[in-house]
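All figures in this text were calculated on a predicted structure; none of them were measured in a lab. Residue numbers begin at 1 in each chain, while the letters A, B, ... track the order of the sequences.
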Protein chains: 2
Amino acid sequence: MNEKNLSSISDSEWEVMRIVWTLGETHTKQILKELRAKKDWSDSTIKTLIRRLVQKGWLTAKHEGRRYTYTATVSQTDMMYNEAKTLLNRMCDMHKGEVILKLLKDSPISKGDLMKMQEEISQKEKTAPNMVPCNCLKNGSTIC
Amino acid sequence: MNEKNLSSISDSEWEVMRIVWTLGETHTKQILKELRAKKDWSDSTIKTLIRRLVQKGWLTAKHEGRRYTYTATVSQTDMMYNEAKTLLNRMCDMHKGEVILKLLKDSPISKGDLMKMQEEISQKEKTAPNMVPCNCLKNGSTIC
DNA sequence: TCCTTTCGTTTACAAATGTAATCATATAAC
DNA sequence: GTTATATGATTACATTTGTAAACGAAAGGA
């Protein structure tokens with residue numbers, strides 16, 4: 001049941017999700033408040049985004065009186081990971097390492113995560129190839 | 001001159017770029033050929049994508065006779081990196097480590113890149129925080 | 001009870017994207 | 001030279017996204 005046929009999430013929608021993830025179960029008022037502080041969007045815009053997120057199945061709307069209470073249907077890390085994966089999927093295998101390295105450099109990372117990475121890398125090193133071939137062409141060049 | 005005001009690149013357009021990056025200087029015929037092998041797109045569609053890429057400035061079209069020769073104006077890794085960066089920018093700081101770790105796990109990476117990562121991690125460990133605070137709300141919760 | 005907020009709902013509209021047909025023309029093949 | 005082919009240019013059209021106005025009903029205040 002985790003594989004609903006969800007469409008992807010857009011930039012602005014993502015911004016709304018962040019609020020919901022952080023606040024947990026919440027309602028329009030709160031979302032409006034938080035987004036007013038972060039973004040220069042009209043309330044109308046924000047309401048549209050919420051509506052679309054519900055339509056798309058990323059938010060659940062529980063009717064309470066005339067209001068709604070919203071909850072995210074996916075965890076933030078799942079969503080983050082999926083988006084990241086989708087992105088890497090369009091990219092050439094050969095250069096993924098380089099890109100991940102750059103992300104690593106540019107992102108703030110906790111000691112704990114760094115240690116896990118350390119470990120993962122040690123594991124991978126055992127069987128890592130000297131070079132990952134390019135997969136940009138159906139058949140042909142292994143270098144790009 | 002590297003900071004043209006380029007719009008972003010779409011999924012399908014990316015697929016065209018991969019071909020050009022791999023082939024280097026090339027022309028429609030080649031692009032069509034490679035993409036016919038990979039994608040189920042009509043020639044028309046591919047031609048539209050090429051045109052849009054030229055418009056957007058991602059491809060340069062040099063007129064030679066009645067044909068064009070196309071060249072990419074950005075390197076693949078630059079583009080990959082930018083896209084990855086854009087993606088991470090929308091995400092909560094707190095969870096970036098986790099996501100990068102997952103990408104690391106799921107991507108094929110060469111020995112060389114792994115070593116560079118090893119090093120980078122050692123560097124970062126020196127000053128890494130125990131926890132990276134959430135930045136989803138303008139001011140408020142540091143945890144999400 | 002009447003007015004004013006607050007929400008949810010409906011409608012709008014331009015730009016970007018996915019996907020393609022058609023048409024004119026330059027070329028290559030016959 | 002005439003025809004078939006390749007190629008660029010024009011036009012099309014539905015969907016998604018960004019961004020928002022407007023309207024109606026409910027709820028809270030006065």
Side-chain angles (χ1 to χ4, degrees), chain A residues 5-20 23 25-36 38-71 79 83 86-87 89-90, chain B residues 4-20 23 25-71 79 83 86-87 89-90:
Chain A
N5 57 342
L6 301 162
S7 11
S8 190
I9 191 172
S10 79
D11 259 36
S12 320
E13 286 164 359
W14 186 284
E15 215 51 61
V16 176
M17 291 302 289
R18 288 183 71 174
I19 306 297
V20 180
L23 298 177
E25 200 171 82
T26 186
H27 35 77
T28 308
K29 192 194 187 98
Q30 273 292 302
I31 300 177
L32 284 175
K33 181 178 156 215
E34 297 297 343
L35 279 178
R36 280 195 200 118
K38 278 185 85 178
K39 297 283 171 179
D40 196 25
W41 291 339
S42 81
D43 287 5
S44 230
T45 298
I46 299 171
K47 284 189 268 181
T48 299
L49 293 173
I50 296 174
R51 186 171 45 73
R52 288 184 186 162
L53 283 167
V54 172
Q55 263 175 204
K56 289 183 175 183
W58 296 114
L59 287 182
T60 289
K62 201 180 356 169
H63 221 166
E64 296 195 333
R66 69 272 117 217
R67 311 282 164 79
Y68 286 108
T69 302
Y70 300 102
T71 330
M79 179 84 92
E83 293 292 304
T86 300
L87 183 69
N89 273 343
R90 336 183 3 252
Chain B
K4 323 152 200 172
N5 56 340
L6 300 164
S7 11
S8 190
I9 192 173
S10 79
D11 260 35
S12 321
E13 286 164 0
W14 188 283
E15 215 51 60
V16 176
M17 290 302 289
R18 287 181 72 175
I19 305 298
V20 180
L23 298 177
E25 199 170 82
T26 186
H27 36 78
T28 308
K29 191 194 188 97
Q30 273 292 303
I31 299 177
L32 284 176
K33 181 179 156 218
E34 297 297 343
L35 278 179
R36 280 194 201 118
K38 278 186 83 179
K39 296 283 170 179
D40 196 25
W41 292 338
S42 81
D43 287 5
S44 231
T45 299
I46 300 171
K47 284 189 268 181
T48 300
L49 292 173
I50 295 174
R51 186 170 44 74
R52 287 183 186 162
L53 284 167
V54 172
Q55 263 174 208
K56 290 183 176 184
W58 297 113
L59 287 183
T60 290
K62 201 179 357 168
H63 221 165
E64 296 195 334
R66 71 273 116 217
R67 313 278 166 81
Y68 287 108
T69 301
Y70 300 103
T71 329
M79 180 83 92
E83 294 291 305
T86 301
L87 183 70
N89 272 344
R90 345 198 295 306

Spell out, as yes or no, whether a donor-acceptor pair under 3.5 Å connects the side chain of W58(A) to the backbone of M17(A). no

If only atom types and distance count, is the side chain of W41(B) paired as donor or acceptor with the main-chain N or O of L35(B) below 3.5 Å?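 Side chain of W41(B) to backbone of L35(B): no pair is present.
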
What is the distance from [atom1] of [X] to [atom2] of [N], rounded to the nearest Å?
X      : N       : atom1 : atom2 : answer
L49(A) : dG8(C)  : CG    : C1'   : 15 Å
I9(A)  : dG18(D) : CD1   : C1'   : 14 Å
D11(B) : dT17(D) : CG    : P     : 11 Å
R36(B) : dA20(C) : CZ    : P     : 13 Å
Q55(A) : dT17(D) : CD    : P     : 11 Å
L35(B) : dT19(C) : CG    : C1'   : 14 Å
I50(B) : dA6(D)  : CD1   : P     : 15 Å
E15(A) : dG18(D) : CD    : P     : 11 Å

Upstream residue (5' side of DNA chain D) when E13(A) and G65(A) are each assigned their closest nucleotide: E13(A)

Decide yes or no on side chain to side chain contact (heavy atoms under 4.5 Å, CB included) for I50(B) and I31(B), but give the supporting numbers first. CA-CA 9 Å; I50(B) 295 174; I31(B) 299 177; 3.9 Å; yes

Given protein heavy atoms under 4.0 Å, the one-letter contact record of nucleotides 7-13 of chain D, with B base, S sugar-phosphate only and - none, is simply BBSBBB-

Could you please spell out the steps behind the side chain to side chain contact (heavy atoms under 4.5 Å, CB included) verdict for K29(B) and K33(B)? CA-CA 6 Å; K29(B) 191 194 188 97; K33(B) 181 179 156 218; 5.9 Å; no

Would you check if there is a donor-acceptor pair between the side chains of E64(B) and T69(B) at a distance under 3.5 Å?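 Yes, E64(B) and T69(B) have a side-chain donor paired with an acceptor closer than 3.5 Å.
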
Can a salt bridge be assigned to the pair R52(A) and E13(A) using a cut-off of 4.0 Å between side-chain N and carboxylate O? no

What are the two closest non-hydrogen atoms of R90(B) and R18(A), and how far apart are they? O-NH1, 3.0 Å

Respond yes when some side-chain nitrogen or oxygen of T45(B) is under 4.0 Å from OP1 or OP2 of dG18(C), and no when none is.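 Indeed not, no polar side-chain atom of T45(B) lies that close.
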
dT17(D) phosphate, OP1 or OP2, under 4.0 Å from S12(A) side-chain N/O: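 For S12(A), the contact criterion (side-chain N or O under 4.0 Å from OP1 or OP2 of dT17(D)) is not met.
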
